[in-house]
Asker: 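The following block contains the structure, expressed as C-alpha cells.
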Amino acid sequence: MLLKEYRICMPLTVEEYRIGQLYMISKHSHEQSDRGEGVEVVQNEPYDDPVHGRGQLTEKRVYLNSKLPSWARAVVPKIFYVTEKAWNYYPYTITEYTCSFLPKFSIHIETKYEDNKGCNDSIFDNEAKDLEREVCFIDIACDEIPERYYKESEDPKNFKSEKTGRGLLKEGWRDTQDPIMCSYKLVTVKFEVWGLQTRVEQFVHKVVRDVLLIGHRQAFAWVDEWYDMTMDEVREFERATQEATNRKIGIFPPAISITDIALPSSTRSAPSSAPSTPLSTDAPEFLAVPKDRPRKKSAPETLTLPDPSQKGPTLNLPGAISSDKPSPSKQE
C-alpha cells in the first residue's frame, strides 16, 4: 500500500467549486468519450448516509480497451471496463474504482474541501492520523503537464475569467490570491502482487497526480461557462451531457434520471474506505513485452512415407534421404 495526500489550491471558493466540479466532470467525460470508448453513466441519484447525511451516488463504467497498451490488451477481455462509484457529500467525497479482472489492484480516494491555502495539516486526522504519508502540493499554474494534454486555452497562466476577473496566475499566486480554496485528497493505492507492488503503486500515483492537475486546471479554465449556474441548472446539464455521452460511445440504456428520492442507507452503503484506479495508455517499462523475442525451432512437421515402387518396408525419417533427389528442408 502506498498512501499520499495531495493538496490542490484553486482561485475559487468552496461554494463556487461545488458547481464547477460537477460541470467539469460531465464535460471532461463527454470530451474523452468516443464510439465504443469512454464513460457510460449507469446511475446518478440522491443518497442518504447515516454519518455523512444527504449526498449523491453515481456509478459509471469506463470503457478503454483500445486505449490500453498492447501488453494489457493481450490479457484482458475484449470488452473491458473499470467501474467507478462516487459518494458526494460535498464538501466531503469518496470515490472508488474497481476492476473484477484485477481484484488485487485498488485505489481509495477521500476528498475534503476548505477555504484556505492548503495549510490544514490535521484535516485527515480521523481517517489517517497514525498513517505515514507524503504530502504533495499540486500547482495548477506552474506544474508541468504531459504535452499531449496541454491546451493554451486551459493554461491558468494565460487565461483570465471575464466574469470573475481571476486568472493570469503567476509563480507564487497562492500567497496573494483571494479568494482561494484547497482540495485535500487522501489517495491510497494497492497492488498486492509480489515483485511488482512497489513499482506499480508508484507508477499509479504518478498517473493520479497528472489526472488531478488536468482536472483542476479545466475546472478553473471553464469557470465562465458554469459560474452563473444554479445547482438545478448544473444537474440538468449533467443529466443531458451524460445521456449524450452514452449515445456517443454507442450505449443506449434507459434515460438517466436524477431523482429527488434518496436511497435509504440500507440499500447501499458507502465504504468506510474506497479504492480507485487511474488509467494510462503507457505501460511501465518493467511490464513491457520484449519487442524481439527469438523463436524456438519446432520439431520437423513432415514424414516421408515409403515409395510403393521400392521393395521392402523402408521408412525415411525427417532429415534422412528418401530418394536420389534430396527433399528440400522446410524454412521457418
Side-chain angles (χ1 to χ4, degrees), residues 1-8 10 14 17-30 32-33 38-49 51-64 81-100 102-103 105-114 123-124 126-128 133 136 138 181-191 201 204-216 218-219 234-235 238 242 245 258 263 265 268-280:
M1 180 185 80
L2 183 58
L3 177 66
K4 292 188 179 185
E5 180 184 324
Y6 296 93
R7 301 181 186 180
I8 312 103
M10 302 274 284
V14 170
Y17 189 59
R18 184 175 192 175
I19 302 291
Q21 177 201 44
L22 297 173
Y23 183 92
M24 177 270 292
I25 292 173
S26 294
K27 181 175 177 178
H28 178 85
S29 297
H30 186 73
Q32 297 300 311
S33 299
V39 182
E40 173 199 3
V41 181
V42 178
Q43 182 181 18
N44 187 350
E45 54 197 22
Y47 176 79
D48 281 332
D49 183 86
V51 176
H52 305 296
R54 182 84 166 188
Q56 193 82 6
L57 168 64
T58 59
E59 180 178 347
K60 303 175 184 178
R61 292 175 181 174
V62 184
Y63 295 86
L64 43 78
Y81 63 84
V82 172
T83 299
E84 174 194 297
K85 284 190 176 182
W87 292 262
N88 188 342
Y89 311 104
Y90 199 87
Y92 172 66
T93 66
I94 300 171
T95 306
E96 70 174 16
Y97 300 83
T98 56
C99 176
S100 60
L102 299 170
F105 182 31
S106 66
I107 305 168
H108 167 65
I109 302 179
E110 293 183 59
T111 305
K112 295 184 179 182
Y113 304 96
E114 288 189 348
I123 192 167
F124 289 115
N126 291 335
E127 293 79 11
R133 62 186 182 273
C136 306
I138 297 178
M181 60 156 287
C182 184
S183 299
Y184 294 83
K185 292 184 176 286
L186 188 66
V187 182
T188 305
V189 177
K190 293 182 180 180
F191 187 65
E201 290 175 351
V204 169
H205 266 289
K206 179 181 181 301
V207 177
V208 168
R209 188 185 184 283
D210 287 344
V211 170
L212 295 177
L213 175 59
I214 294 166
H216 284 76
Q218 290 178 330
V234 78
R235 285 297 185 191
E238 186 181 43
Q242 288 169 355
T245 302
I258 302 179
L263 294 177
S265 59
R268 290 183 179 85
S269 59
S272 57
S273 63
S276 317
T277 311
L279 308 168
S280 172

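Numbers for residues simply follow the sequence, beginning at 1. Every heavy atom of this structure was used, including side-chain atoms; hydrogens, water molecules and symmetry mates were not.
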Asker: Among residues at least two apart in sequence or on other chains, which ones pass side-chain hydrogen bond (donor to acceptor under 3.5 Å, both in side chains) with Tyr113?
Answerer: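 Per chain and number, Tyr113 pairs via side-chain hydrogen bond (donor to acceptor under 3.5 Å, both in side chains) with Gln21.
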Asker: Measure the NE2-OH distance between His28 and Tyr23 for me, rounded to the nearest 0.5 Å.
Answerer: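 If I round to the nearest 0.5 Å, the distance is 14.0 Å.
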Asker: Mind checking side chain to side chain contact (heavy atoms under 4.5 Å, CB included) for Ile138 and listing every partner two or more places apart, or none if nothing turns up?
Answerer: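 Expected list: Tyr6, Ile8, Asp143, Arg209, Leu212, Leu213.
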Asker: Using the side-chain hydrogen bond (donor to acceptor under 3.5 Å, both in side chains) criterion, which residues pair with Arg18? Sequence neighbours excluded.
Answerer: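 None.
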Asker: Quick check: closest heavy atoms across Cys136 and Lys4, and the distance to 0.1 Å?
Answerer: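 Shortest heavy-atom separation between Cys136 and Lys4 comes out as SG-CD, 4.2 Å.
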Asker: With rounding to the nearest 0.5 angstrom, report the CE to OG1 distance, Met1 to Thr188.
Answerer: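 One gets 5.5 Å once the value is rounded to the nearest 0.5 Å.
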Asker: Not counting sequence neighbours, which residues clear side-chain hydrogen bond (donor to acceptor under 3.5 Å, both in side chains) with Glu127? List them please.
Answerer: Lys112
Asker: Checking Tyr92 against Glu110 for the side-chain hydrogen bond (donor to acceptor under 3.5 Å, both in side chains) test, could you report, in this order, the C-alpha distance in whole Å, the side-chain angles of both residues, the deciding distance, and whether it holds?
Answerer: CA-CA 7 Å; Tyr92 172 66; Glu110 293 183 59; 2.5 Å; yes
Asker: Distance from Arg133 atom CZ to Glu5 atom CD, nearest 0.5 Å?
Answerer: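 One finds 4.5 Å between CZ of Arg133 and CD of Glu5.
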Asker: Roughly how far, to the nearest 0.5 Å, is the CD atom of Glu40 from the OH atom of Tyr81?
Answerer: 8.5 Å
Asker: Looking at residues at least two apart in the chain, or sitting in another chain, which of them share a salt bridge (Lys or Arg N to Asp or Glu O under 4.0 Å) with Glu201?
Answerer: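 Checked Glu201 against salt bridge (Lys or Arg N to Asp or Glu O under 4.0 Å); zero matches.
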Asker: Filter on salt bridge (charged side-chain N to carboxylate O under 4.0 Å, His left out), then keep only pairs touching residues 181-191, sequence neighbours left out; what's left?
Answerer: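 Listed once each, the pairs would be none.
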Asker: For Phe124, enumerate each residue passing the ring pair (Phe, Tyr, Trp, His ring centres under 6.0 Å) test, keeping only those at least two apart in sequence or located in another chain.
Answerer: none
Asker: Could you give the distance from CD1 (Ile25) to OG1 (Thr95), rounded to the nearest 0.5 Å?
Answerer: 7.5 Å
Asker: What I'd like to find out is whether the side chain of Leu3 reaches to under 4.5 Å of the side chain of Leu186, using heavy atoms alone.
Answerer: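 With C-beta onward as the side chain, the pair touches.
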Asker: With Tyr184, which residues qualify under ring pair (Phe, Tyr, Trp, His ring centres under 6.0 Å), at least two apart?
Answerer: none
Asker: Does Ser26 have any side-chain hydrogen bond (donor to acceptor under 3.5 Å, both in side chains) partners at least two apart in sequence or in another chain, and if so, which?
Answerer: none
Asker: So Gln43 and Thr58, do their side chains get closer than 4.5 Å, heavy atoms only?
Answerer: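 Thr58 does not reach Gln43 side chain to side chain.
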Asker: Any chance you could measure Gln242, atom CD, to Ser29, atom OG, to the nearest 0.5 Å?
Answerer: 8.0 Å
Asker: Can you find a heavy atom in the side chain of Thr98 that is under 4.5 Å from one in the side chain of Phe105?
Answerer: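 A side-chain contact under 4.5 Å is absent here.
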Asker: Can you name the closest pair of heavy atoms from Gly55 and Tyr89 and give their distance?
Answerer: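 Of all heavy-atom pairs spanning Gly55 and Tyr89, the closest is CA-CD2, 3.7 Å.
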Asker: Considering the options Arg7, His216, Glu114, which one meets the side chain to side chain donor-acceptor pair (under 3.5 Å) requirement together with Ser183?
Answerer: His216
Asker: Can you find a pair of side-chain heavy atoms, one from Asn44 and one from Gln56, that are under 4.5 Å apart?
Answerer: yes
Asker: Only one of Val204, Val211, Asp210 clears side-chain contact (heavy atoms from CB on, under 4.5 Å) with Val208; which?
Answerer: Val204
Asker: How close do Leu22 and Glu238 get, counting heavy atoms only, and between which atoms?
Answerer: CD2-OE2, 3.9 Å
Asker: Just so I know, are the side chains of Val82 and Arg61 near enough to count as touching, which here means a heavy-atom distance under 4.5 Å?
Answerer: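 The answer is no; the side chains never approach within 4.5 Å.
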